[in-house]
Every structure is written in structure tokens, then in C-alpha cells.
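Only one structure is covered here, and it is reproduced in the block below.
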Amino acid sequence: MELNPEHPAYTISVVAQLLGLHEQTIRQYERLGLIAPCRTIRKTRLYSQNDIERLECINYLVKTCGVNLSGVKIVITLSCQHPEIELLLKTRRFHPQDLEGPTQV
DNA sequence: CTTCTAACA
DNA sequence: TGTTAGGA
């Protein structure tokens with residue numbers, strides 16, 4: 001058994017079927033820098049468990065939170081630097097309505 | 001399996 | 001803008 005979440009394990013077809021996404025969509029995510037699966041020598045993508053979770057986060061942000069792909073890039077980037085936000089993402093509790101709006105003057 | 005291009009909502 | 005389809 002491989003317990004390392006970084007361990008490359010799934011091909012794009014498997015991931016696509018797993019998450020209900022089309023392969024092209026996942027490739028587009030990579031093209032936009034939202035995901036970076038490792039490659040085999042023959043350039044086939046291999047997704048780790050972390051990659052899967054990351055893709056699920058992207059899906060969550062897009063479908064539940066209504067964030068566009070540019071926004072997803074920003075959110076993920078920031079969340080990586082802020083453990084609290086990262087947890088919100090992981091637990092799917094990144095509800096905009098829970099956050100304070102723009103500071104009222 | 002890959003990348004690239006084009007069409008559609 | 002993002003997703004899907006098709007060709008190479």
C-alpha cells in the first residue's frame with residue numbers, strides 16, 4: 001500500500017471518471033496552472049492523492065462558490081500561504097457569506 | 001495516451 | 001469564459 005499522498009497513482013482518464021470531469025477540462029486546468037501532475041517518461045500525467053483533492057477543491061470553488069478559473073488560481077495560491085483558508089477549502093466551508101464584506105466606512 | 005484548434009452556451 | 005468535440 002502506498003500511504004504517501006504525493007505518490008503518483010492515477011491516469012487522467014481515471015481521474016476524469018472519478019470526479020466526473022472531462023479529460024480536456026482537467027488538461028485545461030493544468031494549462032492554466034491550477035494543477036501540476038507529474039509526468040511519466042512518455043509524458044502521460046499521473047495524479048497523486050493530493051492532486052485529486054486539489055481538483056476537488058477546484059470543482060468546489062467553481063460549482064459551489066461560483067469562482068471562475070482566474071479566481072480559483074488566486075484562491076488556491078493564497079490558501080497555500082494561509083493554513084486557516086486552506087482548511088476552509090479542504091473542509092468545503094469556504095462560504096463567502098461567512099466572511100466579512102468590504103470594510104464599511 | 002498527447003497537444004492543438006474550433007465551436008458552443 | 002469555460003467546457004466539449006475532433007483531428008493529428
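A note on names: the letters A, B, ... follow the listed sequences, proteins ahead of strands, and every chain is numbered from 1. These numbers were taken from a predicted model, which means no experiment stands behind them. Below, all heavy atoms of this structure are taken into account, side chains as well, without hydrogens, waters or symmetry copies.
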Would you tabulate the nitrogen or oxygen pairs shorter than 3.5 Å linking the protein to nucleotides 4-8 of chain C?
{"residue": "C:dT4", "atom": "OP2", "partner": "A:H22", "partner atom": "ND1", "Å": "3.3"}
{"residue": "C:dT4", "atom": "OP2", "partner": "A:T25", "partner atom": "OG1", "Å": "3.0"}
{"residue": "C:dT4", "atom": "O5'", "partner": "A:H22", "partner atom": "ND1", "Å": "2.9"}
{"residue": "C:dA5", "atom": "N6", "partner": "A:Q24", "partner atom": "NE2", "Å": "3.2"}
{"residue": "C:dG6", "atom": "O6", "partner": "A:Q24", "partner atom": "NE2", "Å": "2.3"}

*Residues that A:E56 engages under salt bridge (charged side-chain N to carboxylate O under 4.0 Å, His left out), provided they are two or more places apart*: A:R92
*asked:* Does anything in residues 39-52 of chain A come within less than 4.0 Å of DNA chain B? Heavy atoms only, and list the residues if so.
replied: A:R39, A:K43, A:T44, A:R45
_Inter- and intrachain pairs under side chain to side chain donor-acceptor pair (under 3.5 Å), touching residues 41-54 of chain A, at least two apart_ = A:Y10-A:Q49, A:E30-A:R45, A:T40-A:T44, A:S48-A:D51
*Calculate, to the nearest 0.5 Å, the distance between atoms CG and CD1 belonging to A:L89 and A:I58 respectively.*
10.0 Å
*asked:* Students often get this wrong, so: under 4.0 angstrom with heavy atoms, is A:S13 touching a base, only sugar-phosphate, or nothing?
replied: sugar-phosphate
*Under a 3.5 Å cut-off on both pairing distances, which runs of 3 or more consecutive Watson-Crick or G-U pairs involve DNA chain B?*
B:4-9 with C:1-6
_Rounded distance (nearest 0.5 Å) linking atom CG of A:L55 with atom CD1 of A:I35_ = 4.5 Å
*Would you mind telling me which of B:dC1, B:dC4, C:dT1 lies closest to the side-chain atoms of A:R31?*
B:dC4
Got a list of protein N/O to nucleotides 7-9 of chain B N/O distances below 3.5 Å?
none

Distance-only check: which donor-acceptor pairs under 3.5 Å involve side-chain atoms of residues 21-29 of chain A, not counting sequence neighbours?
{"residue": "A:E23", "atom": "OE1", "partner": "A:R27", "partner atom": "NH2", "Å": "3.2"}

*For residues 67-89 of chain A, which residue pairs qualify under side chain to side chain donor-acceptor pair (under 3.5 Å), counting only residues two or more places apart or in two chains?*
none
*How long is the span from the CD1 atom in A:I52 to the CG atom in A:L19, to the nearest 0.5 Å?*
5.5 Å
*A:Y29 side chain N/O closer than 4.0 Å to the phosphate oxygens (OP1, OP2) of C:dG2?*
no
*Report the hydrophobic cluster partners of A:I41, with the cluster defined as I, L, V, M, F, W, Y residues connected by side-chain heavy atoms closer than 4.5 angstrom, directly or transitively.*
none
